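Some notes on the structure that comes next.
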Amino acid sequence: MSQVRVRFAPSPTGPLHIGGVRTALYNYLFAKKTGGTFILRIEDTDQARFVEGAEEYIMEALKWCGIKVEEGIEEGGSCGPYRQSDRKEIYRQYADLLVEKGDAYYAFDTTEELDYLRSESEKAGNTFIYNAGTRDKLNNSLSLDSAVWNKKLSDHEACVIRYKMPLSEDIHFNDIIRGNIVVNTGTLDDKVLFKSDGMPTYHLANIVDDHLMLISHVIRGEEWLPSLPLHIMLYRSFGWDAPLFAHLPLLLKPDGKGKLSKRDGDKMGFPVFPLFWPYGETAKGYREEGYYPEAFVNMLALLGWNPGTEQEIFTMEELAEAFSLDRVGKSGSRFDPEKAKWFNHQYLIKKPVEELAMEFREFLRSHGYHIDIIRLDILINLVKERVSFVKDIWDQTDFFFKAPDNYDQEVIKKRWKEETPATLLELRSLLSSTDDFTPAGTEAAVKAWIEEKGYNMGAVMNAFRLVIVGASRGPHMFDIISWIGKTETLSRIDKGLSAIGR
RNA sequence: GGUCCAUUCGUCUAGUGGUUAGGACGUCAGGUUUUCAUCCUGUUAACAGGGGUUCGAUUCCCCUAUGGACUACCA
């Protein structure tokens with residue numbers, strides 16, 4: 001098998017969508033699996049859609065994901081440049097080559113003329129196609145007198161180069177994921193290969209670059225499938241061996257139909273982009289939402305591909321080892337934000353406590369709390385199983401840092417009895433005289449007292465929790481009071497008694 | 001409209017010409033717990049429809065339906 005070389009070829013028109021990230025990931029995994037090379041090529045042949053910052057965003061997003069580019073703008077490589085606008089001079093000669101061969105021709109029709117033809121056709125219920133059936137009636141080097149079009153050329157009249165699609169010919173081609181496909185050229189149109197602005201279109205640039213960059217496998221989104229026949233024809237016209245193709249299924253909206261878009265994320269509160277997009281209409285990112293890149297990548301990898309085993313948690317290395325194109329599904333995958341959270345939870349609970357503590361310390365700082373890292377370790381161990389994100393730890397631990405401002409009415413109704421204040425007073429004095437304020441120490445003392453007095457464990461502990469936490473939630477009481485300390489514990493009992501009273 | 005692609009629990013999916021159609025997320029229930037959560041156990045629920053082929057089709061073929069992509073001098 002010849003050397004595997006794959007490329008991820010986004011166009012820098014905005015933030016990279018997670019569908020794009022998945023395409024990059026599958027390319028990367030395939031390269032790693034086969035010992036091949038992963039290349040990043042920027043397809044910026046559309047000057048009108050250029051977006052400032054998009055290229056940097058793409059590179060940063062891949063880095064965050066742990067997808068390492070081997071050849072690209074920053075990395076260099078023997079097949080550069082890797083930005084199509086920097087390869088501008090390359091394309092024209094190939095377009096000309098096709099014209100010389102008779103597989104392409106010059107066309108002088110203006111956008112307005114073509115738009116008019118299209119709308120007229122539509123009114124008549126037909127579809128306008130620029131192809132063998134219509135090209136003779138249009139303005140091009142096939143229909144016009146050679147003197148006429150040569151003059152247009154020498155006058156530098158606006159002109160594009162179109163591919164001359166055969167009248168009717170079945171094109172057979174193979175897709176690694178979808179198998180054999182047949183399309184008749186009669187349904188295809190004479191696509192523009194070279195624009196009047198001096199830039200190639202995607203179709204030409206793509207074929208030329210993939211050939212020049214020795215790409216062995218083209219792994220891209222399903223939206224490219226309809227243009228594959230054209231690409232196959234192009235390879236044929238150039239006399240080049242075509243790479244192998246794999247068209248990945250789309251990522252769909254979580255609800256309803258259609259492909260995943262930014263709006264879905266906004267509507268349902270989950271990110272559609274890996275990183276925060278800071279320009280123009282901003283968009284939130286997985287990174288900023290608190291997702292770990294490993295979890296994000298793991299989740300994405302399993303959306304459309306499966307290992308054929310029941311393993312769900314994979315490191316990047318394991319993914320690369322297990323990956324294969326023939327285990328990629330054919331149908332679109334609906335994205336499930338809930339499962340994305342679950343993946344993050346899996347990674348979070350496996351993180352070393354010290355790391356989580358460091359992360360949470362930053363969070364606390366921004367909320368005005370400065371807590372010793374050792375104490376945070378203890379805290380994290382108490383609650384990490386309960387959260388999916390570090391930022392969620394706060395919701396589970398706020399009462400560790402401040403006494404309750406109010407007390408859950410439902411719990412008061414259920415747990416606050418006639419004798420409760422007296423019992424809590426007893427408990428207060430017991431704790432006050434307990435020197436060993438470790439969880440084990442207070443637990444032993446309190447349980448012995450409850451037993452001795454014949455109290456009901458649930459009644460006492462729930463009332464106790466109410467004055468300490470303010471609600472019916474949180475880790476074990478003795479862990480809580482040990483962490484907040486004796487002074488705070490006693491003060492919260494006092495505060496609770498006077499607030500709830502009776 | 002035309003071309004192409006797709007269709008297994010709500011979701012991601014496994015799977016085979018003969019299976020109790022398996023797993024995960026979610027849901028629900030029970031258990032554990034001083035509470036909530038976790039956790040454990042269990043439950044739930046699927047082969048789009050119709051024709052073939054076949055002794056037998058979820059699996060192979062055809063049609064229909066539904067969904068999707070594409071249909072630009074955008075990628």
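Chain A is the first sequence line, chain B the second, and so forth, proteins listed ahead of strands; every chain is numbered from 1. For clarity, every value in this text was computed on a predicted model and none was experimentally measured.
- Of all nucleotides present, only rA69(B) satisfies the Watson-Crick or G-U wobble test against rU3(B), with each distance under 3.5 Å.
- No contact: Pro10(A) has no heavy atom under 4.0 Å from any strand.
- Side chain of Lys259(A), nearest nucleotide from rA24(B), rC70(B), rA72(B): rC70(B).
- Closest to the Thr111(A) side chain, of the nucleotides rA24(B), rC73(B), rU34(B), is rC73(B).
- Side-chain N/O atoms of Arg178(A) and base N/O atoms of rC5(B) include no donor-acceptor pair closer than 3.5 Å.
- Considering only side-chain atoms of Leu225(A), the nucleotide from rC4(B), rC25(B), rA75(B) that sits closest is rC4(B).
- Checked by atom type and distance alone, the side chain of Trp305(A) never pairs as donor or acceptor with a backbone atom of Val328(A) at under 3.5 Å.
- Here the closest non-hydrogen pair linking Ala205(A) and Tyr91(A) is CA-CE2, 3.6 Å.
- Comparing atom distances between the Trp342(A) side chain and each of rU3(B), rC25(B), rA75(B) picks out rC25(B) as nearest.
- Between the P atom of rG68(B) and the CG atom of Asp264(A) lies a distance of 12 Å, rounded to the nearest Å.
- Side chain of Glu222(A), nearest nucleotide from rC5(B), rU34(B), rC25(B): rC5(B).
- Candidate nucleotides rC4(B), rU11(B), rA75(B) were compared by shortest atom distance to the side chain of Arg334(A), and rU11(B) ranks first.
- Comparing the P positions of rA6(B) and rU13(B) gives a spacing of 15 Å, expressed to the nearest Å.
- Taking only distance into account, the side chain of Thr187(A) never meets the base of rG2(B) through a donor-acceptor pair shorter than 3.5 Å.
- Among the protein residues, Gly221(A) comes within range of no part of the nucleic acid, since none of its heavy atoms lies under 4.0 Å from any strand.
- Toward the 5′ end of RNA chain B lies the nearest nucleotide of Ile177(A), the other residue of the pair Ile177(A) and Val160(A) mapping further downstream.
- Relative to the side chain of Glu223(A), the nucleotides rC73(B), rA6(B), rC70(B) differ in distance, and rC70(B) lies closest.
- Contact between His345(A) and Glu385(A) at its shortest, heavy atoms only, is NE2-O, 3.0 Å.
- Taking a pair to require two hydrogen-bonding distances under 3.5 Å in either a Watson-Crick or a G-U wobble arrangement, rA24(B) pairs with rU11(B).
- The base-pairing partner of rU43(B), taking Watson-Crick or G-U wobble contacts with both distances under 3.5 Å, does not exist among the strands shown.
- Here rC73(B) is the nucleotide among rC73(B), rA75(B), rU3(B) with the atom lying nearest to any side-chain atom of Arg162(A).
- Separating the C1' atom of rG15(B) from that of rU19(B) is a span of 9 Å, rounded to the nearest Å.
- Across all strands shown, His476(A) has heavy atoms under 4.0 Å from base atoms, whether or not it also approaches the sugar-phosphate.
- Of the N and O atoms on the side chains of Asp264(A) and Ser261(A), at least one donor lies less than 3.5 Å from an acceptor on the other residue.
- For Arg327(A), taking side-chain heavy atoms from C-beta onward, the closest of the listed nucleotides rA6(B), rC12(B), rA14(B) is rA14(B).
- Of the N and O atoms on the side chains of Tyr130(A) and Asn140(A), at least one donor lies less than 3.5 Å from an acceptor on the other residue.
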